[in-house]
Amino acid sequence: MQVLRHSEHTLKTALLSKNPVLVSQYEKLDAGEQRLMNEAFQPRSNLFEPITVHSQSDWISSHPEAPQDFEQFFSDRYRKAPCPKKHIIYIQSIGSLGNTRVISEEYIKWLKGYCEAFFYGLKVKFLEPVSVSETKCSFRVNEHTQNLQIHTGHILAFLKKNKPEDAFCIVGITMIDLYPRDSWNFVFGQASLSSGVGIFSFARYGKDFYTSKYEGNVTSLQLTSPTDYSIFDNYYIPEITSVLLLRSCKTLTHEIGHILGLRHCQWLACLMQGSNHLEESDRRPLNVCPICLRKLQSAIGFNIVERYRMNEERLQQQLQIE
């Protein structure tokens, strides 16, 4: 196990920048906002921990990439940001999300509320669910795991075609496994940052996917035609547990963060860290580090302290309802 600990100077520069204009912008944040953000480079801070690498299979070891500080984020000319005419995050469910309508609606309510809290200041809307057949995507049976999979590229094309005019982005979510091309085993999700579309599967977040008890297995013999979508009728949906919900919230906000222009975080323990496997993904915190928080704030324009306060109030209201 290795702890990646950056110097106070490195973290402060990554957060504030060396650009006098960006430093001046930072200094215009109110005292409460700066106090929270400055925890990024406090040696004894308990709020934001350094990144811990547990094995060579972890993302940061196996996928070397240049870190993105705030100045690089701010200066990225290809980055797209919300604007008054395009300020809504649309979420499109593909296939059923729960075994009953009540379960699906409850799950959607949690995801919507969490995204609204995380991307405070943007609206989040769920579109009416669509069936797999409506997307006209290709599908297959995975030869290794024997479960159904749908083609990410075809889903992205469907989402792009049906993207509302006022959308900052539209993301598809599904309980069906995904594959990007025939040579790949699977993929958790895929996005087109330039088009503002993404598709993400929560199929492998169920408690039994990697066990012999998994009930989503089918055989290739059951595929009568590459256009016969009836095989998806009453197809297995994993139970919505607290663990699956937690993983779903993490994945959804992480990937929308990418659409906003945030790259994988390499500064501190952060939701925007890359993950190579489920165990690593589970280790990621729900919150972003101050450097990524400043990126979000810059893109969306919220007051940082108000965002945290409103999130706490929403959580308390939700707990009272439950």
State plainly whether one hydrophobic cluster holds both [X] and [Y], where clusters connect Ile, Leu, Val, Met, Phe, Trp and Tyr through side-chain heavy atoms under 4.5 angstrom apart.
X      : Y      : value
Phe158 : Ile150 : yes
Leu15  : Leu262 : yes
Phe232 : Tyr179 : no
Val288 : Val305 : no
Leu47  : Trp267 : yes

Query - Arg294/Gln25 under side-chain contact (heavy atoms from CB on, under 4.5 Å): CA gap, chis, key distance, verdict - result: CA-CA 11 Å; Arg294 189 181 180 194; Gln25 286 182 8; 3.9 Å; yes
[X], [atom1]: over 12 other non-hydrogen atoms inside 6.0 angstrom:
X      : atom1 : value
Lys163 : NZ    : yes
Lys86  : NZ    : yes
His9   : NE2   : no
Asp233 : CG    : yes
Arg5   : CZ    : no

Is the cationic atom of [X] (NZ for Lys, CZ for Arg) positioned less than 6.0 Å from the six-membered ring centroid of [Y] and within 45 degrees of its normal?
X      : Y      : answer
Arg204 : Phe186 : yes
Arg263 : Phe73  : no
Arg307 : Tyr120 : no

Using side-chain heavy atoms (C-beta onward) and a distance below 4.5 Å, is [X] in contact with [Y]?
X      : Y      : value
Phe70  : Leu16  : no
Phe118 : Leu252 : no
Tyr107 : Ser248 : yes

Just by distance, do the side chain of [X] and the backbone of [Y] share a donor-acceptor pair under 3.5 Å?
X      : Y      : value
Gln146 : Asn217 : no
Thr10  : His6   : no
Glu116 : Lys123 : no
Lys160 : Ser192 : no
Lys250 : Leu271 : no
Glu255 : Val171 : no
Gln92  : Glu128 : yes
Arg284 : Cys270 : no
Ser201 : Ala203 : yes
His151 : Cys137 : no

Query - From Phe200, Phe209, Phe202, Tyr205, residue fulfilling ring pair (Phe, Tyr, Trp, His ring centres under 6.0 Å) relative to Phe188 - result: Tyr205
Which distance, rounded to the nearest 0.5 Å, do you find between the [atom1] of [X] and the [atom2] of [Y]?
X      : Y      : atom1 : atom2 : answer
His54  : His277 : NE2   : NE2   : 9.0 Å
Arg79  : Ser298 : CZ    : OG    : 5.5 Å
Ile88  : Asp166 : CD1   : CG    : 3.5 Å
Phe41  : Leu268 : CZ    : CG    : 11.5 Å
Glu134 : Asn162 : CD    : CG    : 9.5 Å
Thr100 : Glu106 : OG1   : CD    : 10.0 Å

Which heavy atom of [X] sits nearest a heavy atom of [Y], and at what distance?
X      : Y      : answer
Phe48  : Ala40  : CD1-N, 4.4 Å
Ile259 : Gly196 : CG2-CA, 4.1 Å
Pro67  : Gln72  : O-OE1, 3.0 Å
Cys289 : Cys265 : SG-SG, 3.7 Å

Query - Residues Trp184, Arg181; criterion side-chain contact (heavy atoms from CB on, under 4.5 Å); working and verdict - result: CA-CA 6 Å; Trp184 281 51; Arg181 55 179 66 95; 2.9 Å; yes
Salt-bridge contact [X]-[Y] (side-chain N to carboxylate O under 4.0 Å):
X      : Y      : answer
Glu239 : Lys207 : yes
Asp58  : Arg283 : yes
Glu105 : Lys109 : no
Arg247 : Asp282 : yes

Check: [X] ring centre within less than 6.0 Å of [Y] ring centre:
X      : Y      : answer
Phe139 : Tyr229 : yes
His63  : His264 : no
Tyr236 : Tyr214 : yes

Query raised in the report: Would Leu244 and Thr241 satisfy side-chain contact (heavy atoms from CB on, under 4.5 Å), going step by step from the backbone distance to the final call?
Result: CA-CA 5 Å; Leu244 187 146; Thr241 63; 3.7 Å; yes
Between [Y] and [X], do the side chains contain a donor N or O and an acceptor N or O under 3.5 Å apart?
X      : Y      : answer
Ser62  : Asn276 : yes
Ser17  : Glu71  : yes
Gln266 : Trp59  : no

Report task. Report the C-alpha separation of Lys295 and Gln68 in whole Å, then their side-chain angles, then the decisive distance to 0.1 Å, and conclude whether the side-chain contact (heavy atoms from CB on, under 4.5 Å) test is met. Result -> CA-CA 10 Å; Lys295 296 174 187 177; Gln68 180 197 49; 2.9 Å; yes
Requested in this report: Go through Tyr26 and Asn38 one step at a time and tell me if the side-chain hydrogen bond (donor to acceptor under 3.5 Å, both in side chains) criterion holds.
Outcome: CA-CA 11 Å; Tyr26 185 84; Asn38 289 347; 2.6 Å; yes
Query raised in the report: Between Asn185 and Asn142, does a side-chain hydrogen bond (donor to acceptor under 3.5 Å, both in side chains) hold up when you go through it step by step?
Result: CA-CA 7 Å; Asn185 183 27; Asn142 184 296; 2.8 Å; yes
Report task. Starting from the C-alpha separation in whole Å, work towards a yes-or-no answer on side-chain hydrogen bond (donor to acceptor under 3.5 Å, both in side chains) for Ser275 and Glu280. Result -> CA-CA 6 Å; Ser275 64; Glu280 184 179 18; 5.3 Å; no
Requested in this report: For the pair Asp228 and Ser230, evaluate side-chain hydrogen bond (donor to acceptor under 3.5 Å, both in side chains) and give the outcome as yes or no after the intermediate values.
Outcome: CA-CA 6 Å; Asp228 181 9; Ser230 63; 2.6 Å; yes
